[in-house]
Amino acid sequence: MRDPLSVLTEAFTSFLFGKVETTRLPVRTSTGQAQAVYLPTAAPGLGDSGVIIGREVYSGKGYIYDPFQLYGQQLPAPHWLVLGESGNGKSALEKTYVLRQLRFKDRQVVVLDAQGEDGVGEWNLIAEELGITPIRLDPTAALDHGIRLNPLDPAITTTGQLALLRTIIEVAMGHGLDERAGFALKVAHSYVNESILDRQPVLSDIVEQLRHPEPESAETMNVAIDDVRAWGLDVALVLDRLVDGDLRGMFDGPTTVGIDLDAPLIVFDLSHIDRNSIAMPILMAIVGVWLEHTWIRPDRKKRIFLVEEAWHIINSPFVAQLFQRLLKFGRRLGLSFVAVVHHLSDVVDGAAAKEAAAILKMASTRTIYAQKADEARGTGRVLGLPRWAVEIIPTLTPGIAVWDVNGNVQVVKHLVTETERPLVFTDRAMTESSSDLTADDALRAAELEAEQRAAAFVEQHLGDSESTVA
């Protein structure tokens with residue numbers, strides 16, 4: 001039963017103004033018309049200065065990224081972590097990113113290439129296209145006048161040499177040096193540097209001095225010479241492996257003349273080294289310190305240090321500590337460190353969890369390709385990703401990734417141009433006849449064809465990108 005006053009009021013209002021319509025009539029329209037009425041929203045981009053990566057999936061906008069342009073404004077650090085299982089596009093992203101960065105004259109890139117096939121590294125084609133010879137570290141080739149990197153190169157400071165020697169030994173031994181072993185190494189290194197002036201000191205000089213220390217080294221500490229010799233015995237045995245063991249040839253001689261540190265791209269080809277051996281983290285340590293003291297210079301150039309299979313760095317406490325220092329030091333001189341890792345669990349659950357956490361914290365940019373659901377949840381928890389991003393990671397198709405740039409999270413489709421394609425997709429499937437392609441290969445070929453028109457847009461505008469960078 002309605003209130004009489006309400007009925008009277010409604011009747012009076014209708015008499016004055018006509019009948020009041022209280023129900024909205026349905027609107028019938030097409031999708032094309034509705035999208036103009038109900039405008040979609042998308043997260044803001046990262047600006048228009050830098051290199052084109054592809055397009056943001058939900059809005060279709062071009063996605064442009066450059067750590068050097070964003071550093072100090074939107075990024076607290078220019079370092080970048082790339083995650084994802086094999087076959088989802090990590091390698092294609094890194095290769096096109098480097099090629100596009102090298103269009104700028106103030107860029108230099110070093111790549112530690114730990115993968116490859118047919119006897120060459122994965123970056124070999126790109127190096128050849130740019131007229132660059134990769135630095136191929138191979139124990140067998142090193143014995144036959146191959147590439148050598150000397151840990152005692154005079155270009156490295158005395159302090160840097162000693163730190164590098166300690167790291168090599170600690171990585172090989174699996175634990176830190178005690179005070180006595182550290183003292184034996186220090187006096188041997190000091191004597192070699194002071195007494196050998198007519199040539200580059202080499203590792204065999206350190207080994208010889210550890211085995212036969214000078215009496216003066218014992219007298220300074222008021223200990224017996226036999227004690228100093230005993231303290232340095234284990235250190236000598238470890239270094240002897242680099243001189244006369246399975247790693248001989250790469251580090252036991254003067255640095256090879258002719259390595260061009262001014263080239264726009266420097267590729268260290270590590271594909272001949274067993275990825276699961278102790279040689280890999282030792283190599284990472286030596287190359288890292290060697291670059292720190294010979295490559296990173298205050299010359300206003302922007303440098304990118306890209307490491308494939310980066311878990312060899314982050315999973316070793318001693319190598320991770322070394323790279324922590326490199327990242328902190330290099331940030332002031334325009335260095336962007338790019339670490340490519342398959343699974344975050346390989347890092348955070350490893351022996352160097354503390355050091356890994358510190359390095360991950362310095363990586364303000366994170367790109368995550370498809371992972372299994374449980375791995376995605378673990379990655380989201382460690383990196384602090386929003387729930388929606390964690391839920392879609394297992395559903396991502398090849399070439400699409402979640403990008404987290406200091407909290408700006410977007411889903412991005414990476415685009416590859418026709419010019420880049422033969423340099424980026426170097427697997428045999430791309431060169432086989434169509435009748436030999438598997439279902440997966442055919443699917444990828446279809447996806448590439450579907451992206452051809454969009455990629456043409458990227459290629460058309462790459463030449464204009466120089467004008468967008470300050």
Side-chain angles (χ1 to χ4, degrees), residues 112 114 139 149 151-152 156 158-190 192 203-211 213 217-218 221 223 226-248 250-252 270 273-290 292 307 309-328 339 341 345-360:
L112 298 193
L149 295 178
L152 302 178
I156 303 176
T158 302
T159 302
Q161 291 176 11
L162 185 58
L164 177 54
L165 290 173
R166 288 187 65 102
T167 301
I168 293 171
I169 295 162
E170 289 171 339
V171 169
M173 296 176 70
H175 59 78
L177 284 181
D178 60 33
E179 293 298 327
R180 295 182 178 185
F183 171 76
L185 176 64
K186 178 181 178 181
V187 296
H189 174 253
S190 177
V192 165
L203 285 180
S204 56
D205 298 322
I206 301 290
V207 173
E208 179 64 22
Q209 186 60 27
L210 286 167
R211 288 174 171 168
S217 61
M221 293 296 291
V223 295
D226 290 339
D227 289 337
V228 177
R229 185 181 296 109
W231 296 347
L233 181 58
D234 288 343
V235 175
L237 292 175
V238 171
L239 292 180
D240 186 64
R241 183 178 179 184
L242 301 179
V243 174
D244 198 29
D246 54 338
L247 301 180
R248 68 189 184 279
M250 292 183 290
F251 312 111
D252 56 336
L270 312 180
I273 309 298
D274 182 0
R275 279 182 268 171
N276 296 314
S277 74
I278 195 66
M280 189 60 80
I282 290 177
L283 273 168
M284 295 285 189
I286 292 177
V287 171
V289 172
W290 191 74
E292 176 185 352
V307 182
E309 300 287 340
W311 67 272
H312 292 293
I313 288 175
I314 307 177
N315 210 32
S316 167
F318 311 107
V319 182
Q321 291 169 10
L322 188 155
F323 270 78
Q324 270 183 262
R325 188 183 75 246
L326 173 64
L327 267 58
K328 290 178 180 178
V341 181
S345 57
D346 294 338
V347 175
V348 298
D349 297 334
K354 179 180 178 181
E355 291 80 3
I359 291 179
L360 292 176

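Sequence positions, counted from 1, serve as the residue numbers for this chain. Only a predicted model underlies this, so the values are computations on that prediction, with no experimental measurement involved.
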Margin query: What's the separation between atom CD1 in Ile169 and atom CG in Leu237, rounded to the nearest 0.5 Å?
Written below: 11.0 Å
Check: Side chains of His189 and Leu152: does their closest heavy-atom pair fall under 4.5 Å?
Finding: yes
Notebook entry, point to check: For the atom pair CD (Glu170) and CD1 (Ile282), what is the distance rounded to the nearest 0.5 Å?
Noted result: 11.5 Å
Margin query: Testing Ile286, Val235, Leu203 one by one against Ile168 for a side chain to side chain contact (heavy atoms under 4.5 Å, CB included), which residue passes?
Written below: Ile286
Next item on the list: Grab the two heavy atoms, one from Leu164 and one from Ala285, that are nearest each other, plus how far apart they are.
Entry: CD1-O, 3.6 Å
Check: Which pair of non-hydrogen atoms, one from Ala172 and one from Val238, has the smallest distance, and what is that distance?
Finding: CB-CG1, 3.5 Å
Item checked: Closest non-hydrogen atom pair, Ala320 against Ile359 -> O-CD1, 3.8 Å
Next item on the list: Of all the heavy-atom pairs spanning Leu210 and Ala188, show the shortest one and how long it is.
Entry: CD2-CB, 3.8 Å
Next item on the list: Mind jotting down which residue pairs meet the side-chain hydrogen bond (donor to acceptor under 3.5 Å, both in side chains) criterion with at least one end in residues 229-238? Sequence neighbours excluded, please.
Entry: Asp226-Arg229
Margin query: To the closest 0.5 Å, what do you measure between CG (Leu185) and CZ (Arg166)?
Written below: 7.0 Å
Note to self: Let's go through Thr167 and Val289 carefully: what are the C-alpha distance in whole Å and the side-chain angles of both, what is the deciding distance for side-chain contact (heavy atoms from CB on, under 4.5 Å) to 0.1 Å, and is it a yes or a no?
What the structure shows: CA-CA 10 Å; Thr167 301; Val289 172; 5.9 Å; no
Checklist line | Closest approach of Ala236 to Arg211 (non-hydrogen atoms, all atoms of both residues) | finding: CB-CG, 4.3 Å
Notebook entry, point to check: Under 3.5 Å, is there a donor-acceptor pair between the side chain of Ser190 and the main chain of Lys186?
Noted result: no
Item checked: Point-to-point distance, once rounded to the nearest 0.5 Å, from CG of Leu165 to CG of Leu239 -> 6.5 Å
Item checked: Side chain to side chain, Gln209 and Val187, heavy atoms closer than 4.5 Å -> no
Check: Where do Val319 and Met284 come nearest, in terms of heavy atoms and distance?
Finding: CG1-CB, 4.3 Å
